[in-house]
Amino acid sequence: PLREAASLPEARRNFQAFNTAVIPLVQAVRRLEPALAARVWECPMTKTAYDGAPERAAWVQTEASARNPYFGAAMPDCGSEVKP
């Protein structure tokens with residue numbers, strides 16, 4: 001589960017850990033049910049999101065265009081959809 005964070009970098013770290021666990025399930029369900037609204041997106045620049053962040057990180061969202069949660073208003077549309 002997502003935990004309360006004391007800082008934005010900590011929230012990003014927690015969010016990334018959550019998505020790492022959830023994405024395989026979402027991808028498997030999308031292969032069986034392509035109409036599922038949940039989509040996986042990936043940002044190629046997350047290395048600077050927090051200390052120890054991966055080069056690229058993914059997230060799940062229902063919108064059809066990127067809404068990057070790692071950089072928010074600074075780079076809201078940075079990302080590309082990862083097909084199942």
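As the structure is a prediction and not an experimental result, all values here were calculated from the model.
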Discussion item. By the salt bridge (charged side-chain N to carboxylate O under 4.0 Å, His left out) test, which pairs, at least two apart or in different chains, include something from residues 53-63?
Written reply: E42-R56
Discussion item. By the salt bridge (charged side-chain N to carboxylate O under 4.0 Å, His left out) test, which pairs, at least two apart or in different chains, include something from residues 72-84?
Written reply: R30-E81, R39-E81, E81-K83
Worksheet item: With sequence neighbours excluded, what pairs up with T20 under the side chain to side chain donor-acceptor pair (under 3.5 Å) test?
Response: Q16
Listed partners of [X] passing side-chain contact (heavy atoms from CB on, under 4.5 Å), at least two apart:
X	result
S80	none
R13	Y50, D51
Q27	I23, R31, V40, V82, P84
A5	E10, A11, N14

Taking ILVMFWY side chains as joined if any heavy atoms are under 4.5 angstrom apart, and letting links pass through other members, which residues group with [X]?
X	answer
L36	L25, V29
Y70	F15, W41, M45, W59, F71, M75
L32	none

Worksheet entry | Side-chain touch P76/N68, heavy atoms, less than 4.5 angstrom | no
Practice prompt. Kindly say whether A37 contributes a backbone atom to a donor-acceptor pair with the side chain of T62 at under 3.5 angstrom?
Written response: no
Worksheet item: Which residues satisfy the salt bridge (Lys or Arg N to Asp or Glu O under 4.0 Å) test with R67, sequence neighbours excluded?
Response: none
Practice prompt. List in chain and number order the residues that pass salt bridge (Lys or Arg N to Asp or Glu O under 4.0 Å) with E33, two or more places apart in sequence or in another chain; answer none if no residue qualifies.
Written response: none
Discussion item. For a quick test of reading the model, state the closest non-hydrogen atom pair linking A38 to V26 and the distance between them.
Written reply: CB-CG1, 3.9 Å
Fill in: Heavy-atom closest pair, residues C78 and C43
SG-SG, 3.9 Å
